[in-house]
Amino acid sequence: MAPISEGALRPARRSGSVLACVSVCTALVVGFVAAINLAVPQLAASSLRPTSSNLLWIVDAYVVIFACLVIPAGAVGDKLGRKGVLMAGLGIFALGAVVSAVAPNVAIMLIGRAITGLGAACVLPNCVGILLHATAPERRSHALAIWAAATGIGGVVGNVGGGAVLSAGSWRALFAAVAFVAVCCLAWAARSAPRSARHDRTLDLPGTLLFVAAFVALLIGIIEGPEQGWGSTVVLIAFTCSLLLILCWVLVELRAPHPMLDPRLFRSAALSSAGLGMTITFFGSFGLFYVNASLLQYGRGFSVLQAGLGVIPLTVPLLVGTRYVPGLIRGIGIPATLSAAFVLTSAGLLGLSYASTMAYPVYAAGLFVIGLGIMLAAPCLTAQIASALPVERAGIAGGLQSATRELGSALGVAVVGTILTAGFTHHLPADLGRHTPLPRTVQEALTLAPADHTAITEAFIHGADTALRAAALVVLLAGALVVTGARRAQRTAPK
């Protein structure tokens, strides 16, 4: 059967509804990463009786499956039709949330989280593909900017919405609410999303399996690093396996007639720098999300709901200013826009590290500055990645954006979490510092020494401040590499 032409299928008059739909779907699957972190204290005290390792994987099973399958799911959407894969993904996402909501034990909970991650992997890349397909070429930069803002807002929506549900109900209510929203999104997508062309490219099974295995090993190493130690046998084996699998994947893809993701694409300075830039942007934002809720609760005495609402200043630039970013990029260029983005993000993280005990308006100003940085970076990087691949490979483009985001998110949590824990344990009162095993969280320390509440809280703030400063430095230095790559791409681009 002859493929349906892209132009014949694009319903321009419905592009606004499509943009709204895919933005809400995106905010849902991104926000769920943040929302589950708020539920950890309730889960820890629940009838599931999870160990600390169980809790880690209840949070991270979703991220691992999501990140590892997002590029293959984009390829499936390109071949079989993006609308169908998006709708299937939303249904799978809702099913996984329901399984988690009724889970009687940790094993069923982990199965539910993995199912939800599979659904999210089908949703996110095909949102990009549908959006590019439904939007006229001259409007794509604007539409991608709005969609990119939704990815940034998603984390905040997860904090605020998750905090509201958890304050009114239990962790089971959170999963039930997520399932309900996913079903509503499914109905919306069925009504508004256009069908896209199906393409005859064969699915690259060997390359896909190697890529997924390499990414799984990499994420296991990153996730287990803070718990097991970065020099532990488990972590070193995971990283070694990941490196070997990546080398095998490159060799297989270079010989494949229709590779899932051609490694030669990364010779493009624009694509490689944009991928690194997306990783660094989400490294900073999710490193912040990991610290922020606890910092507001322990440092300021905020409730869970207040902590969720406390991050709202970060969203203001994303909501108000995103529409102007494409025009700014045309005016000053990509390198200058990215320079401003990473300087602002780094400055905001650094400012928060000194404002953790100041009046909340000062802290809110730091969040606002970080929001400005994300507002500039996300649309610029999203457009760079999307433009590096033809529109018929839009699902792969969306998958690549999603994979780099999830990798950055996992790295942000792992690196910031490691530095936070090291700083916290170093500043604990002497009696607790000699305790075996050493308490690694505020809750563990308070259980052992409830009378030392003030000293334990101060130790946590010290650790959080150090972690935020380290994140600021990483964002600044890695951002400089991204800007250098963008400038090289600009010099070598055809005139």
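We use all heavy atoms of the structure for the numbers below, so side chains are in, but hydrogens, waters and symmetry mates are not. All residue numbers in this chain count up from 1 along the given sequence.
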**Q** For a quick test of your reading: what N or O donor-acceptor pairs under 3.5 Å do the side chains of residues 109-117 make, sequence neighbours left out?
**A**
from : atom 1 : to   : atom 2 : distance (Å)
R113 : NE     : I58  : O      : 2.6
R113 : NH2    : I58  : O      : 3.3
R113 : NH2    : V59  : O      : 3.2
T116 : OG1    : A97  : N      : 3.4
T116 : OG1    : G112 : O      : 2.7

**Q** I'd like to check the side chain to side chain contact (heavy atoms under 4.5 Å, CB included) partners of I312; sequence neighbours left out, ordered by chain and number.
**A** V160, L309, T315
**Q** Does a side-chain heavy-atom distance below 4.5 Å link F93 with C122?
**A** no
**Q** In chain order, what residues pass the side-chain hydrogen bond (donor to acceptor under 3.5 Å, both in side chains) check against R469, with sequence neighbours excluded?
**A** S353
**Q** Quick one: list whatever passes side-chain hydrogen bond (donor to acceptor under 3.5 Å, both in side chains) with T418, sequence neighbours left out.
**A** W230
**Q** My understanding is that only residues two or more places apart in sequence, or in another chain, count here; which of them pass ring pair (Phe, Tyr, Trp, His ring centres under 6.0 Å) with W147?
**A** none
**Q** How would you list all residue pairs meeting salt bridge (Lys or Arg N to Asp or Glu O under 4.0 Å) that involve residues 264-285, not counting sequence neighbours?
**A** D262-R264
**Q** Mind checking what makes ring pair (Phe, Tyr, Trp, His ring centres under 6.0 Å) contact with F283, not counting sequence neighbours?
**A** none
**Q** Does Y290 have any ring pair (Phe, Tyr, Trp, His ring centres under 6.0 Å) partners at least two apart in sequence or in another chain, and if so, which?
**A** none
**Q** Run the side chain to side chain contact (heavy atoms under 4.5 Å, CB included) test against A364 and tell me which residues pass, sequence neighbours left out.
**A** P313, Y360
**Q** With sequence neighbours excluded, tell me which residues meet side-chain hydrogen bond (donor to acceptor under 3.5 Å, both in side chains) with S100.
**A** none
**Q** What residues form a side chain to side chain contact (heavy atoms under 4.5 Å, CB included) with L376, not counting sequence neighbours?
**A** V325, L328, T337, A340, A341, L344
**Q** Mind jotting down which residue pairs meet the ring pair (Phe, Tyr, Trp, His ring centres under 6.0 Å) criterion with at least one end in residues 62-82? Sequence neighbours excluded, please.
**A** F32-Y62, Y62-F66
